[in-house]
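Everything below concerns the one structure shown next.
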Number of protein chains: 2
Amino acid sequence: MTTAPVAGTAPRASSRGRTRLANDAWEAALGAHTALMRRFTEDDVWDGLSMRDYDVLYTLSKCDAPQRLSDLGRHVMLSQPGLSRLVDRLVERGLVGRCADPTDARAAHLSLTDEGRALQRRVGRAHGASVAAALTARLSDEELALLESLSRKLSLPDDDLPEETP
Amino acid sequence: MTTAPVAGTAPRASSRGRTRLANDAWEAALGAHTALMRRFTEDDVWDGLSMRDYDVLYTLSKCDAPQRLSDLGRHVMLSQPGLSRLVDRLVERGLVGRCADPTDARAAHLSLTDEGRALQRRVGRAHGASVAAALTARLSDEELALLESLSRKLSLPDDDLPEETP
DNA sequence: GCCGATTATATGCGTTCGCATGTAACTAAC
DNA sequence: GTTAGTTACATGCGAACGCATATAATCGGC
């Protein structure tokens, strides 16, 4: 069923094979990311937002408490100055509100404005439908759950890794 | 074999649940992509190349025949003008060679120079090791194979999709 | 309470990007 | 052959990016 080598071969697969396996998997994953991102980018659902804009609005929409810039930075693939200016633009467009943190004068509290929340919801509905259409056409429910599980494992930081060689 | 829900359960599983499953999986996959890309970007293995530069060199290294720009464009997440100028820079740096296509005067044939090939190999070895370290620390062999298999399915174009509702 | 280290964010600057569009070559119908 | 349409790539231009660095506030010894 799987693409695993035939049972009975090298009981402790050569590290070479394991390296190869990992690199092939990563290359395939990159290909999938590119194909899907391209598809979603071309969708006509963004309403003036870039996908990065949406990423920030979506991240903010998931948090009750206002977020700081550095918190957003953990989720978005963007440099700190890049994120700073991206948020600037969203504030200027009235989609994100920034107010001073009373407990830390360095930080700013960021949150969605009503308009930002409405836009995120509108775009999110359409984008979510497109994501579902693309993924459900290619993977079964079991496979979707598996993809999520594998992705979560890949997201683990170097700490809390399941140890292997004690 | 098909993507039908487990026999006996809600004969037509709520489309809501399936949509949710797909969106959760995509969100997790994006998180994994971000975490790993950040990690790999921070690696000290690039030797003056951006990851996009490397992507182009790697793609060229896999092809015997010289490639056209539009062929590269299918693999790289970049607009056509963006790729055109990226290749310009690689040519200027002596890493990529471009020569006229005798059968089509519009197109250019791109290939690695010796220097480009050497650089790609050097960087590729180090990057490949980093990729393997990150992935094998988080996934078993079976999981790596599974990730590759799922990723390939996700990369399928809209044509040749396994049909579902005849 | 003072001072070096660290953290949170912003800004200057040169590079790179995407969009719109341009140019040139191929294709096909007549 | 002429011409309309398409394909392959390049270029002008304004927006966005990353790197280095600045600014300002907090934290930790002492």
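Per chain, numbering begins at 1; letters A, B, ... match sequence-line order.
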Do NZ/NE/NH1/NH2 and the carboxylate oxygens of [X] and [Y] come within less than 4.0 Å?
X: B:Arg38; Y: B:Glu42; answer: no
X: B:Asp101; Y: B:Arg106; answer: no
X: B:Arg39; Y: A:Asp158; answer: yes

Closer to the 5' end of DNA chain D via nearest nucleotide, is it A:Pro102 or B:Asp71?
-> B:Asp71

Heavy-atom nearest nucleotide on DNA chain D taken for A:Met77 and for A:Thr103; more 5' hit belongs to A:Met77

Residue-phosphate contact under 4.0 Å: A:Ser70 side-chain N/O, C:dT9 OP1/OP2 = yes

Mapping A:Arg68 and B:Arg89 to their closest nucleotides on DNA chain C, which lands nearer the 5' end?
-> A:Arg68

Nearest whole angstrom, please: distance from the [atom2] of [N] to the [atom1] of [X].
X: A:Gln67; N: C:dT9; atom1: CD; atom2: P; value: 11 Å
X: A:Arg98; N: C:dT9; atom1: CZ; atom2: C1'; value: 9 Å
X: B:Leu69; N: C:dA25; atom1: CG; atom2: P; value: 17 Å
X: B:Arg85; N: C:dG18; atom1: CZ; atom2: P; value: 10 Å
X: A:Leu78; N: C:dT16; atom1: CG; atom2: P; value: 17 Å
X: B:Met51; N: C:dT16; atom1: CE; atom2: P; value: 16 Å
X: B:Leu83; N: C:dC17; atom1: CG; atom2: C1'; value: 12 Å
X: B:Asp101; N: C:dA24; atom1: CG; atom2: C1'; value: 14 Å

Tell me which nucleotide among C:dA8, C:dC19, C:dT11 gets nearest to the side chain of A:Pro81.
-> C:dT11

Nucleotides bounding contact with chain B, strand DNA chain D, heavy-atom threshold 4.0 Å | D:dT7 to D:dC13

In terms of heavy-atom contacts, does CZ of B:Arg121 have more than 12 from other residues, nucleotides or ligands at under 6.0 Å?
-> no

Atom CD in B:Glu27, atom OG1 in A:Thr59: separation rounded to 0.5 Å?
-> 8.0 Å

Any donor-acceptor N/O pair under 3.5 Å between C:dA10 base and A:Gln80 side chain | yes

Which class fits the ring pair B:Trp46 and B:His127: parallel under 30°, tilted 30 to 60°, perpendicular over 60°?
-> tilted

Distance-only polar pair, side chains of B:Glu142 and B:Ser140, donor-acceptor under 3.5 Å = yes

